[in-house]
Amino acid sequence: MRCCVNSNNSGTQSRLKEHNGKGLSNLAQAIILQSIEDLWDDKHRNDSRTFFGGEGFTICAQMSGMKAVERIRLLNLLRKSLNLRDRTRRNYARRKNLENIAGRGR
């Protein structure tokens, strides 16, 4: 009798581990996605940069099943996007400043 209980229990345990593994993977992916979104929010940007620059991202990336090369690609893409965003904001501010100066001269 005990043998039957153990064999059923191990099958259940295996399915439970598989289910929990998918759940943890989904959670890790959701954390990464939220952190990406937070990069564009002034209130959360610093926390998000800390996440991507530290162990938090590494742990979540491993839990989600990302390979090292995928992590590097994602980090490079985010860095390029943030640099482009910052350049665009600076150019916009300069243009507005020039418009204001030109408007005062009239």
Side-chain angles (χ1 to χ4, degrees):
M1 184 83 165
R2 186 173 189 176
C3 178
C4 294
V5 171
N6 284 342
S7 66
N8 287 339
N9 190 23
S10 79
T12 303
Q13 289 289 342
S14 175
R15 286 191 300 276
L16 185 60
K17 281 183 182 179
E18 183 179 322
H19 177 73
N20 285 341
K22 287 180 185 177
L24 289 175
S25 175
N26 290 341
L27 177 61
Q29 290 172 12
I31 292 169
I32 292 169
L33 290 173
Q34 183 62 53
S35 294
I36 290 171
E37 189 172 327
D38 287 347
L39 285 169
W40 278 263
D41 182 347
D42 292 337
K43 277 195 246 179
H44 302 289
R45 183 172 303 116
N46 287 336
D47 291 337
S48 184
R49 285 182 181 209
T50 299
F51 169 79
F52 282 110
E55 286 184 60
F57 174 66
T58 302
I59 291 168
C60 286
Q62 288 172 344
M63 287 174 57
S64 73
M66 288 178 79
K67 296 176 183 168
V69 68
E70 295 169 325
R71 284 182 259 164
I72 292 167
R73 285 182 185 150
L74 177 60
L75 292 173
N76 285 335
L77 176 66
L78 293 174
R79 186 172 5 97
K80 287 177 184 178
S81 296
L82 287 171
N83 287 340
L84 177 62
R85 177 188 158 275
D86 291 343
R87 273 196 312 257
T88 302
R89 281 189 166 189
R90 281 192 304 270
N91 289 340
Y92 177 78
R94 280 189 205 121
R95 191 170 50 245
K96 281 295 183 185
N97 189 30
L98 289 174
E99 288 172 4
N100 289 338
I101 291 170
R104 283 188 224 147
R106 292 181 189 171

Flag side-chain contact, heavy atom, 4.5 Å: Arg71 against Gln62
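Yes, at least one pair of side-chain atoms sits under 4.5 Å.
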
Would you say that Glu70 contacts Leu74 through its side chain, given a criterion of any heavy-atom pair below 4.5 Å between the two side chains?
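Side chain of Glu70 against side chain of Leu74, heavy atoms only: no contact under 4.5 Å found.
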
Hphob cluster co-occupancy, [X] + [Y], side-chain heavy atoms under 4.5 angstrom:
{"X": "Phe51", "Y": "Leu77", "answer": "no"}
{"X": "Ile72", "Y": "Ile36", "answer": "no"}
{"X": "Leu27", "Y": "Met66", "answer": "yes"}
{"X": "Leu75", "Y": "Ile31", "answer": "yes"}
{"X": "Ile32", "Y": "Leu82", "answer": "yes"}

When you look at Arg79 and Asn76, which way does the side-chain hydrogen bond (donor to acceptor under 3.5 Å, both in side chains) test go after all the steps?
CA-CA 5 Å; Arg79 186 172 5 97; Asn76 285 335; 2.3 Å; yes

Between the main-chain N or O of Ser48 and the side-chain N or O of Ser35, is there a donor-acceptor pair closer than 3.5 Å?
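Here the side-chain-to-backbone pair does not exist.
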
Should we say atom CZ of Arg45 is surrounded by more than 12 heavy atoms from elsewhere, each under 6.0 Å from it?
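Correct, the count exceeds 12.
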
So, taking the atom named CG in Asn46 and the one named CG in Asp42, what distance separates them when rounded to the nearest 0.5 Å?
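If we round to the nearest 0.5 Å, Asn46:CG and Asp42:CG are 9.5 Å apart.
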
Report the distance from atom NE2 of His44 to atom CD of Gln34, rounding to the nearest 0.5 Å.
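The NE2 atom of His44 sits 8.0 Å away from the CD atom of Gln34.
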
For [X] against [Y], the heavy-atom pair lying closest together:
{"X": "Arg49", "Y": "Leu39", "answer": "CG-CD2, 3.9 Å"}
{"X": "Cys60", "Y": "Ala28", "answer": "O-CB, 3.3 Å"}
{"X": "Ser64", "Y": "Ala61", "answer": "OG-O, 2.9 Å"}

Kindly indicate, with the supporting measurements, whether the criterion side chain to side chain contact (heavy atoms under 4.5 Å, CB included) is fulfilled by Ile59 and Met63.
CA-CA 6 Å; Ile59 291 168; Met63 287 174 57; 3.9 Å; yes

Ring-plane angle category for Phe57 and Phe52, please: parallel below 30°, perpendicular beyond 60°, tilted otherwise.
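Ring orientation of Phe57 relative to Phe52: tilted.
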
